[in-house]
Amino acid sequence: MKRAIIVALLLVLAVGFAAPHFEIDLFRPKIARALERGLGRRIEVGTVHFNLFTGPGFTVDDVTIHEDPRAGIEPCAYVGTLEARVQLLSLFRHKLEFSSLRLIDASINLVKTDSGPWNFQYLLSSAPASAGAMPAIKMRGGRVNFKFGNVKSVFFFNDADLDVSPSMDGSVELRFAGAPSRSDRDRASQNFGNFFVRGRWSAQRVDLKLELEKSALEEVARLIDRRGFGLHGVIALDAQLSGVPSHLDVTGNIQVNDVHRWDLLPQSGGGMRVGYKGTLDLKGDRLELESVSDVPNPQIAAAFRAWDFLSVPHWDASAGLKQLPVATALEIARHMGAGLPDKLAAEGTLSGEVRYSEPDGFAGKVELQDASVTLPDGRPLRAASAAVVIEHQVMSLEPATVRVGENESADVEGSFSLQGAGGLDLKITTRALSVSDMRSFGVAAIPLLDQTPQGTWRGWARYQWARDEMGQWSGEYELQNARIPVDGLAEAVRVQSAAVSLNGKRVAVSRLRARVGAIAFTGDYRWEPAAVRPHKFHLTIPAADAAELQRVLAPTLARDRGFFARTLRLGDAPVPDWLKTRRADGTLTIGALTFGETQVRVDSARLLWDAAEVRLVGMAAHVNESALAGDLTIGLAGGAPHYRFEGKLAGVAYKEGTLDFEGSLDADGVGAEILASAHAEGRLHGRSIAFSPEAEFRAAAACFEVSEQTGGERWKLSSVEVTQGADTYTGSGTTQSDGRLVLDLLSRGRQVRYSALLAAAQ
């Protein structure tokens with residue numbers, strides 16, 4: 001007997017080991033029909049093997065579980081291997097049934113139909129009512145996909161384990177574990193914990209407990225929005241769902257840890273734990289949640305809604321703020337990816353509501369109370385109250401008074417676009433604000449104000465900026481008591497007052513009252529960047545001393561080459577960059593320019609400045625009582641300036657008469673060097689010249705050449721023609737070493753010589 005038992009056991013073992021290696025296609029139709037009865041679906045099966053140890057039952061390869069026609073035409077599941085365990089009692093009824101199914105290497109589609117129900121709800125309702133007719137289902141390491149109609153969602157669960165255990169009352173016990181994923185992201189970059197579901201499901205009621213293990217906060221955020229939010233940290237959550245599928249009550253908690261400076265949040269400790277409640281409509285694919293807190297009047301009250309969240313996700317979130325510290329809001333913004341300066345400091349509180357919706361972006365309104373914001377290297381900006389409205393992806397600051405320092409203030413309003421290329425639009429209006437305090441607003445300096453370290457301004461200025469573009473100012477303001485350094489001047493220009501108009505890159509200055517050194521001037525100035533000569537101006541100088549003018553212009557006129565360069569004569573100093581690029585076009589008027597005892601009045605002159613060449617074109621002036629007209633060119637390329645004048649000097653008093661000169665004058669250097677190097681030539685005309693007691697000329701004309709030599713001026717006259725009485729004389733003249741001018745003349749064969757001291761023009 002004992003031997004028989006051993007033999008029987010060995011036989012059973014042999015059969016058990018051998019059975020899986022033999023195909024028994026004879027049973028395929030019966031197995032397929034049994035599976036169809038249990039699942040209420042059409043089933044296709046592949047190779048069938050008998051399985052004794054995990055059964056008795058069958059191992060079926062390449063199983064396709066088709067879908068209920070109401071849920072689509074794609075099969076509900078593809079199973080690489082299915083282990084079906086036979087319900088032994090069914091064999092006595094001569095009807096093959098299975099007590100459990102184990103799915104290996106399976107991919108399941110969960111489908112939400114256009115009419116509302118999910119395909120697994122059809123599975124539950126289509127199963128036979130008799131107890132045990134629907135087998136228990138287990139899946140290990142499979143994949144769960146989501147479909148909406150014929151469209152497959154980007155969401156799926158990987159490494160999924162599923163247990164479905166039918167009960168006598170028609171409900172099922174569910175146990176599920178899997179890693180949530182998105183098909184539009186690289187699997188290697190996803191860092192999720194497992195998602196667990198446990199509970200009971202029936203057509204009348206659902207009771208489930210959900211749990212998400214600790215997961216990367218950024219990855220969970222990408223489940224909601226694939227762009228993510230640049231968040232860093234760890235999140236875990238749990239939820240309890242109960243009710244009918246179309247209205248499930250939801251309660252639970254979210255735990256967030258390892259996020260830098262979350263300790264700034266109220267009652268957060270080292271992390272943040274938030275309770276929530278809400279409803280879930282599985283039929284309508286809609287979720288609504290709101291935060292709950294044990295703290296009376298919490299500073300942050302959050303709400304979240306999502307719809308079509310498993311098909312084409314849409315969602316929005318809102319946060320109600322009640323006296324939330326501004327510093328806390330800045331830290332949250334930093335961790336939401338806002339590019340805020342590290343040294344930005346803020347005080348005060350925020351109250352209001354901010355909303356974010358996936359299709360529309362940010363919206364809401366917040367009020368700042370007793371706010372103080374300090375930008376890097378700036379003074380605090382303080383406001384008793386300010387309102388920020390967020391609408392259509394634009395943050396708008398309503399007009400608010402901002403105090404800078406103790407006694408200064410400005411009215412500020414503006415907007416910042418959060419979408420597309422983005423952009424800033426800021427308007428500042430003030431009655432009196434220090435120029436140095438403008439950097440406290442954290443924007444590019446206003447034109448002209450950016451060049452002066454001191455002064456005040458009043459008026460308004462508007463700054464507009466878009467990403468990938470240069471910011472531009474516009475506005476109207478008055479500038480007072482400013483110092484503006486200008487390349488080429490020995491001292492900064494001291495602006496007493498000026499009216500400034502801005503239009504993009506164009507700048508216009510009017511009603512200018514200023515001085516440089518001891519020289520005061522008035523006028524206007526324009527910057528036209530598109531013009532050939534962008535600097536445009538009209539300047540009037542009431543009075544100036546030539547020596548002071550030369551001192552002020554010294555960096556432009558004479559560039560110091562250094563002691564060794566001058567001693568060794570190493571050549572001219574290089575032209576500086578500012579001089580190479582200077583292009584200007586303007587008019588100049590000087591009431592009185594004094595050279596010792598000589599006074600020059602420049603009634604008008606057009607000044608054209610092209611790099612190292614300056615021209616005074618169409619100059620109309622007076623030298624003492626004599627009229628001067630012509631063009632003056634100043635060459636600045638060398639170590640010392642070169643002057644060339646071409647024009648006329650009329651009405652010069654000389655020996656009881658007048659002289660007119662027409663020609664050119666060249667000179668080099670500065671100061672006394674100009675006279676020492678001067679050389680002039682041209683033609684002169686005279687009237688009523690009492691040259692000497694014996695020679696009175698009714699008219700005179702000659703070509704002249706004059707230069708400065710040791711002992712005085714050296715004159716050389718040619719083509720001389722004078723009229724004395726009824727006679728006309730021709731000849732030449734020259735100055736002698738004793739300073740006398742000698743004329744050698746001829747008329748009708750008669751030669752005469754006249755000599756007289758060369759007197760200065762009177």
Side-chain angles (χ1 to χ4, degrees), residues 299-301 316-334 336 338-341 344-357 360-375 378-405 407-433 437-444 446 457-467 471-477 502:
Q299 291 181 332
I300 300 179
D316 62 33
S318 63
L321 309 177
K322 188 173 183 180
Q323 294 184 338
L324 178 71
V326 176
T328 298
L330 291 181
E331 289 299 324
I332 294 175
R334 283 192 175 98
M336 290 290 287
L340 301 176
L344 175 65
E347 299 176 359
T349 60
L350 282 172
S351 298
E353 183 184 30
V354 177
R355 303 183 302 277
Y356 181 88
S357 65
D360 300 323
F362 283 100
K365 181 176 181 178
V366 295
E367 299 276 349
L368 289 83
Q369 295 86 30
D370 299 322
S372 174
V373 178
T374 304
L375 295 172
R379 302 175 67 184
L381 301 174
R382 298 183 177 90
S385 64
V388 177
V389 177
I390 309 172
E391 189 175 12
H392 304 304
Q393 289 289 69
V394 175
M395 295 178 59
S396 299
L397 173 65
E398 295 183 346
T401 299
V402 175
R403 290 184 292 109
V404 186
N407 302 315
E408 297 183 331
S409 65
D411 294 333
V412 180
E413 60 183 297
S415 63
F416 182 78
S417 176
L418 303 173
Q419 65 180 356
L424 173 68
D425 189 339
L426 178 68
K427 184 178 180 181
I428 302 172
T429 306
T430 180
R431 294 180 179 177
L433 184 65
D437 286 332
M438 272 305 299
R439 64 175 180 270
S440 297
F441 290 90
V443 293
I446 299 176
W457 70 284
R458 65 179 181 178
W460 67 272
R462 182 182 182 187
Y463 181 71
Q464 293 173 292
W465 166 85
R467 292 185 179 95
Q472 292 188 352
W473 283 97
S474 60
E476 305 280 345
Y477 65 88
L502 308 177

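Please read these numbers as outputs of a predicted model, since none were measured by experiment.
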d(Gln464 CD, Ser415 OG) to nearest 0.5 Å is 8.5 Å

In the structure I gave you, are the side-chain heavy atoms of Pro399 and Asp411 within less than 4.5 Å of one another anywhere? no

Near Glu476 CD, under 6.0 Å, is it more than 12 heavy atoms from other residues, nucleotides or ligands? yes

Parallel, tilted or perpendicular: rings of Tyr463 and Trp473 (30°, 60°): tilted

Nearest heavy-atom contact between Glu398 and Val389 is OE2-CG2, 3.4 Å

Stepwise, does the side chain to side chain contact (heavy atoms under 4.5 Å, CB included) test hold for Asp370 with Thr349? CA-CA 7 Å; Asp370 299 322; Thr349 60; over 6 Å; no

If every non-hydrogen atom of Ser409 is compared with every non-hydrogen atom of Thr430, which pair is closest and at what distance? O-OG1, 3.0 Å

Within this structure, what is the CD-CZ distance for the pair Glu413 and Arg462, rounded to the nearest 0.5 Å? 9.0 Å

Is the closest side-chain heavy-atom distance between Ser318 and Glu353 below 4.5 Å? yes

For Ala400 and Ser385, work out which heavy atoms get closest and say how close. CB-O, 3.9 Å

From CD1 (Ile390) to NZ (Lys365), nearest 0.5 Å: 11.5 Å

Non-neighbouring partners of Lys322 that pass side chain to side chain contact (heavy atoms under 4.5 Å, CB included), sequence neighbours left out: Asn297

Roughly how far apart are Ser474 OG and Lys427 NZ, rounded to 0.5 Å? 9.0 Å

Does any part of the side chain of Asp316, heavy atoms only, come nearer than 4.5 Å to the side chain of Arg355, both counted from C-beta? no

So does Leu368 get a backbone contact from the side chain of Ser351, meaning a donor-acceptor N/O pair under 3.5 Å? no

Do Leu433 and Tyr477 come within less than 4.5 Å of each other through their side chains, counting heavy atoms only? no

